[in-house]
Protein chains: 2
Amino acid sequence: MPNTVSQKTIGRLSLYRRLLQALANKGVKYIYSHQIAVIASATAAQVRRDWMAIGYSGSPTKGYEVAELIDAIGKFLDSPKEQKVALVGIGNLGRAILIFFAGRRPKLNIVAAFDNDPYKVNRVIHGCKCYHIDQLKTVSDETGIDVGIVAVPASEAQKAAEKMVAAGIKGILNFAPTPLRVGNNVYVEDIDMTMSLEKVAFFARQGNFERNFTSGEYE
Amino acid sequence: MPNTVSQKTIGRLSLYRRLLQALANKGVKYIYSHQIAVIASATAAQVRRDWMAIGYSGSPTKGYEVAELIDAIGKFLDSPKEQKVALVGIGNLGRAILIFFAGRRPKLNIVAAFDNDPYKVNRVIHGCKCYHIDQLKTVSDETGIDVGIVAVPASEAQKAAEKMVAAGIKGILNFAPTPLRVGNNVYVEDIDMTMSLEKVAFFARQGNFERNFTSGEYE
DNA sequence: TATCAATTGTGAACTATATAACAGTGTGAT
DNA sequence: ATCACACTGTTATATAGTTCACAATTGATA
Ligand SMILES: NC(=O)c1ccc[n+]([C@@H]2O[C@H](COP(=O)([O-])OP(=O)(O)OC[C@H]3O[C@@H](n4cnc5c(N)ncnc54)[C@H](O)[C@@H]3O)[C@@H](O)[C@H]2O)c1
Ligand SMILES: NC(=O)c1ccc[n+]([C@@H]2O[C@H](COP(=O)([O-])OP(=O)(O)OC[C@H]3O[C@@H](n4cnc5c(N)ncnc54)[C@H](O)[C@@H]3O)[C@@H](O)[C@H]2O)c1
């Protein structure tokens with residue numbers, strides 16, 4: 001088993017980094033686990049454990065050195081070389097995503113978009129060249145894409161995923177409200193907004209305590 | 001503790017219902033736990049447990065009656081009265097969401113949108129009236145909104161959330177890449193796309209086994 | 001009517017994840 | 001220099017979530 005670090009921890013590391021970056025920009029040099037815990041809605045113990053997982057240590061008196069920590073998370077999370085992403089489906093959501101991710105992470109970029117609509121193919125949308133979906137494998141082979149985003153209608157999602165797998169893509173972020181069936185050497189993460197909204201609606205009705213709690217923080 | 005049913009189960013129930021509805025539309029009358037498990041990327045035991053949680057029983061020989069089950073999930077998940085949703089932030093993502101959710105669930109509708117951009121306020125976008133953010137409480141009081149969607153820039157998200165809470169909203173779906181600090185009588189679900197994409201990118205690089213596995217299915 | 005095969009419902013076992021507890025550590029105050 | 005303090009790193013414990021495994025059930029078959 002190559003990754004001894006849990007999926008949840010990976011997710012939180014990504015979040016910590018973002019929060020730490022914001023702090024660094026404000027000139028913060030050191031931070032304690034309980035401080036970041038408040039910001040990240042976690043507990044101090046959780047934070048320390050997560051950072052232990054990537055082998056980063058702080059000082060009992062100063063806390064953690066923000067810039068170093070950001071770096072350590074980067075070393076752990078990011079690919080050494082640039083990692084390239086393909087977006088499939090340039091509809092309403094696809095376009096929003098394209099704009100949003102443009103230039104956001106230096107090591108992780110949407111380098112090509114794919115659709116089957118002839119009005120979209122061969123145009124450049126927000127700085128990203130749009131190809132026909134059938135060119136996915138060709139473009140991918142040329143540029144070395146290994147992450148894909150599925151933003152096509154649910155009925156097309158499985159097909160799109162299969163084309164991605166055929167093109168050698170190893171990780172898929174799926175927005176279509178349909179579970180994708182792919183070999184288990186491909187990692188799939190679903191963002192199912194309908195499900196999330198129904199969940200929120202449900203818990204909005206319950207009195208709802210626990211979860212996400214503001215944390216008494218004793219340690 | 002009012003909800004003895006876990007958050008994870010609530011999420012899966014929403015998914016099952018959607019999948020079951022698709023089956024029902026194709027004329028399927030009965031289904032076994034292991035069949036839906038394959039479709040939902042779960043295990044048969046998981047499915048049975050989830051349905052046990054809402055008190056729905058199947059027959060050992062016929063399986064579960066699809067239409068009845070859909071109904072049972074609806075009784076459990078949905079509000080008896082219509083539940084109203086406010087969308088705050090009508091940017092690229094907000095508009096996509098507005099179009100997407102329009103008329104999707106009969107009992108759960110985005111009834112009003114809010115922004116602070118004068119070019120958007122007082123227009124009707126995709127059938128949804130757009131108000132100024134300062135009218136949130138007024139409109140909410142009039143129409144009885146209890147769910148909110150945050151789709152404003154990260155820097156504005158906390159403010160928007162506080163206005164929602166002040167307006168009596170009890171559940172928030174947050175797209176801004178920032179944890180929201182609200183009282184713990186308000187349920188918050190975050191959809192953090194940056195985090196999700198970084199997670200996918202990370203696991204795309206690992207050999208990645210386990211999770212989401214196609215399941216030998218013995219039982 | 002008795003047998004059979006497949007599936008359900010569910011306690012028990014297991015796995016994953018989070019929290020608590022505390023010994024060890026570096027710094028500032030005395 | 002020694003102490004007290006507020007923290008870290010980490011082990012131990014608790015909780016949450018999943019899967020296993022099997023008795024109970026039911027309809028179909030002979
Ligand atoms: N818009 C949202 O806010 C939202 C919310 C939740 C889920 N989703 C899901 O995200 C997906 C995209 O949503 P959207 O609103 O952007 O839809 P959309 O209809 O606006 O866009 C879909 C795009 O996919 C393209 N497409 C269709 N079939 C294709 C194929 N076989 N190969 C390549 N491209 C193809 C279409 O040409 C179109 O450009 C859908 O599955 C939807 O359910 C969207
Ligand atoms: N677009 C995406 O695909 C995407 C992906 C991930 C996360 N997000 C997040 O979702 C949010 C919205 O993204 P977007 O791309 O739609 O941004 P956007 O800039 O296109 O839209 C933001 C909207 O919010 C409005 N707004 C700003 N301040 C406001 C305030 N105080 N009150 C009310 N309205 C206000 C703006 O007028 C604008 O209409 C952001 O937090 C972004 O980080 C977006």
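Keep in mind it's a predicted model, so treat the numbers as computed, not measured. Chain naming here is simple, since letters A, B, ... match the order of the sequence lines and numbering starts at 1 in each.
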Legend entry - Nucleotide nearest B:Tyr32 (side chain, heavy atoms from C-beta), chosen from C:dA20, C:dT7, D:dG27: C:dT7

Inset, instruction - Rounded off to whole Å, could you give me the CH2-to-P distance for the A:Trp51 and C:dA18 pair? - result: 16 Å

Inset, instruction - Can you figure out which of D:dG27, C:dT17, C:dT8 approaches the side chain of B:Lys62 most closely? - result: D:dG27

Legend entry - Among D:dT26, D:dG17, C:dT17, the one nearest B:Pro60 by side-chain distance: D:dT26

Legend entry - Nearest-Å distance for atom pair CD1/P, residues A:Ile54 and D:dT8: 15 Å

Legend entry - Phosphate OP1/OP2 of C:dT19: any A:Gln46 side-chain N/O under 4.0 Å: yes

Legend entry - Heavy atoms from other residues, nucleotides or ligands near NZ of A:Lys26 exceed 12 (cutoff 6.0 Å): no

Legend entry - Integer-rounded Å distance: D:dT11 C1' and A:Met52 CE: 9 Å

Inset, instruction - Output the single nucleotide from C:dT25, C:dT19, D:dT10 whose closest atom is nearest the side chain of A:Thr43. - result: C:dT19

Legend entry - Face-on cation placement of A:Arg104 at A:Phe100 ring, 6.0 Å and 45° thresholds: yes

Inset, instruction - Nearest whole angstrom, please: distance from the P of C:dA16 to the CD1 of A:Ile10. - result: 15 Å

Inset, instruction - Please work out if B:Ser57 contacts a base, only the sugar-phosphate, or nothing of the nucleic acid, heavy-atom cut-off 4.0 Å. - result: sugar-phosphate

Legend entry - Toward the 5' end of DNA chain C, by each residue's nearest nucleotide, A:Asp50 or A:Thr61: A:Asp50

Inset, instruction - Please determine if a side-chain N or O atom of A:Arg48 lies less than 4.0 Å away from the OP1 or OP2 oxygen of D:dT8. - result: yes

Inset, instruction - Classify the nucleic acid contact of B:Ser59 as base, sugar-phosphate or nothing, counting any heavy atom under 4.0 Å across all strands shown. - result: sugar-phosphate

Inset, instruction - Decide, yes or no, whether a salt bridge links B:Asp78 with B:Lys107 under the criterion of side-chain N to carboxylate O below 4.0 Å. - result: no

Legend entry - Check: B:Arg17 side chain, B:Ile70 main-chain N or O, donor-acceptor pair, under 3.5 Å: no

Legend entry - Below 4.0 Å: OP1/OP2 of D:dG9 and any side-chain N or O of A:Tyr64: yes

Inset, instruction - Rounded off to whole Å, could you give me the CD-to-P distance for the A:Gln7 and C:dT15 pair? - result: 18 Å

Legend entry - Whole-Å distance separating the OH atom of B:Tyr30 from the C1' atom of C:dT8: 15 Å

Inset, instruction - Nearest 0.5 Å please: distance from the OH atom of A:Tyr56 over to the CD1 atom of A:Ile73. - result: 9.5 Å

Inset, instruction - Mind calculating the distance between NE2 (B:His34) and P (D:dC20) to the nearest angstrom? - result: 15 Å

Inset, instruction - Ignoring the backbone of B:Ala45, work out which of D:dC20, D:dT18, C:dG9 is nearest its side chain. - result: D:dC20

Legend entry - Selection from C:dT19, D:dG17, C:dT17 that lies nearest to any side-chain heavy atom of A:Lys8: C:dT17

Inset, instruction - Would you mind telling me which residue lines up with the more 5' stretch of DNA chain D, A:Tyr56 or A:Arg49, judged by nearest nucleotide? - result: A:Tyr56

Legend entry - CD-CD distance between A:Glu189 and B:Glu198, expressed to the nearest 0.5 angstrom: 11.5 Å

Legend entry - Whole-Å distance separating the CG atom of B:Leu69 from the C1' atom of C:dT8: 14 Å

Inset, instruction - Counting heavy atoms from C-beta on, name the nucleotide in C:dA18, C:dT10, D:dG17 closest to the side chain of A:Arg12. - result: C:dA18

Legend entry - Among C:dT8, C:dA21, D:dT18, the nucleotide that comes nearest once only the side chain of B:Ser33 is considered: C:dT8

